[in-house]
Amino acid sequence: MTKHTILTGDRPTGRLHIGHYIGSLQNRVALQNSGEYNNFIMIADTQALTDNARNPEKIRNSLMEVALDYLAVGIDPAKSTILVQSGVPALTELTMYYLDLVTVSRLNRNPTVKTEIKQKAFGESVPAGFLIYPVSQAADITAFKADTVPVGDDQEPMLEQTREIVRTFNRTYNQAVLVEPEGYFPPKGQGRLPGIDGNAKMSKSLNNGIYLADSADVVRQKIMSMYTDPNHIHVEDPGQVEGNMVFTYLDIFDSDKAKVAELKAQYQHGGLGDVKIKRYLNEVMDGILTPIRERRETYAKDMGQVAQILIDGTAKANSVANQTLAEVRDAIGFNYFK
Ligand code: TRP
């Protein structure tokens, strides 16, 4: 039987946080370790440039950090190919061909891009490259003929748009060259981890994230400053667990569900203090983050090796993507020089 293929990735605009971990990294590692997939994981520097054209150093500085985060969570270069998007020119050429199969009005309707355009306050100055990045994402996915894309919930519209492009391409050129991908998402309710301040989104600009590279001390301080129940002033007071970030995090990260239920009951009844529940959450997070931190430190001692992992991964990615590009050019009939 032929193996399934995964292509996934992240924009390198900063280090990865525990929201990324729960939203997709954990799934990617599990799928990798199942042994049933060819895995490609891409550092999407070209996509990151679409809204950072005048600030490329931010991307350059994040690239190795994201590589370290991948290795730290257990992406294993012996089992997965880690590649750098800008090192695979076939992706840009495929993007150009796919752009001819997509309308501007369809691009304007992509809900994730719409939200981002609002958040980024571009006004009338939306970079064309930013508007079309879902098409370049379709190139990323299809270049590797990926059928599985483990990502966060916000990426569903990209997959929808990719499937449309695949169908349109195969129909237009009358050949089943491209493969339709499926998303692989976290369990319901775990799609988006709120920030430690209770804001729905964990992000660098809000300074409300816990990063995979944070030291144990920093993580403890962040957990101690977490948003709980502002009306829970005295230990004896009954407390709210809904909207209380400590319990939100415990629900997601603690595998001991019985213990969480017991703590919730006690907290709601009164008699359980915030410091206690925060200390407990810190223990749970430490159990998850310590092995990640240790692997990160080991790899960080040899950045030459990390660079080599990216060079080798990108070389392998080029041989796969160039093959698909050749098939695409053949299907279009752009094969004059063969
Ligand atoms: N859009 C993704 C993000 O915002 C990054 C990305 C680029 C990606 N190309 C991809 C994800 C292909 C999955 C598949 O982080």
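We count ligands from 1, going down the list as the structure has it; atoms in each ligand are counted the same way. Not measured: the values here are computed from a predicted model.
Close placement of the F334 and Y336 rings is indicated, their centers lying within 6.0 Å of each other.
Counting heavy atoms under 4.0 Å from ligand 1, residue Q155 touches it through the side chain alone. When heavy-atom distances to ligand 1 are checked against a 4.0 Å cut-off, M158 has no atom that comes that close, whether in backbone or side chain.
Within the 4.5 Å cutoff, no side-chain heavy atoms of L250 are placed close to those of K259. Looking at heavy atoms from C-beta onward, D256 lies out of side-chain contact with V284 at the 4.5 angstrom threshold. Using a 4.5 Å heavy-atom cutoff, the side chains of L272 and K264 are not in contact.
Atom 4 (O) of ligand 1 has R11 NE, 3.4 Å as its closest protein atom, hydrogens excluded (heavy atom only). Ranking protein heavy atoms by distance to atom 7 (C) of ligand 1, first place goes to Q47 NE2, 3.1 Å.
Counting only N and O atoms by type, the side chains of S86 and D45 include a donor and acceptor under 3.5 Å apart. With no hydrogens or angles considered, a side-chain donor-acceptor pair links Y267 and N244 at under 3.5 Å. Using modelled atom types and a 3.5 Å distance limit, the side chains of Q308 and D312 yield a donor-acceptor pair.
Set against the non-hydrogen atoms of V151, the atoms of ligand 1 under 4.0 Å away are 11 (C), 13 (C). Atoms of ligand 1 found under 4.0 Å from any heavy atom of V149, numbered from 1 in the order shown, are 13 (C), 14 (C). Under a 4.0 Å criterion applied to the non-hydrogen atoms of A44, ligand 1 contributes the atoms 7 (C).
Hydrophobic cluster membership differs between L31 and V149, with clusters built from Ile, Leu, Val, Met, Phe, Trp and Tyr side chains linked at under 4.5 angstrom.
Note: an N/O pair closer than 3.5 Å links D140 and ligand 1 by distance alone. An N or O contact shorter than 3.5 Å links Q137 to ligand 1 by distance. Here's the thing with T8: none of its N/O atoms is less than 3.5 angstrom from an N/O atom of ligand 1.
For the residues I41, T162, L7, the heavy atom positioned nearest atom 12 (C) of ligand 1 is part of L7.
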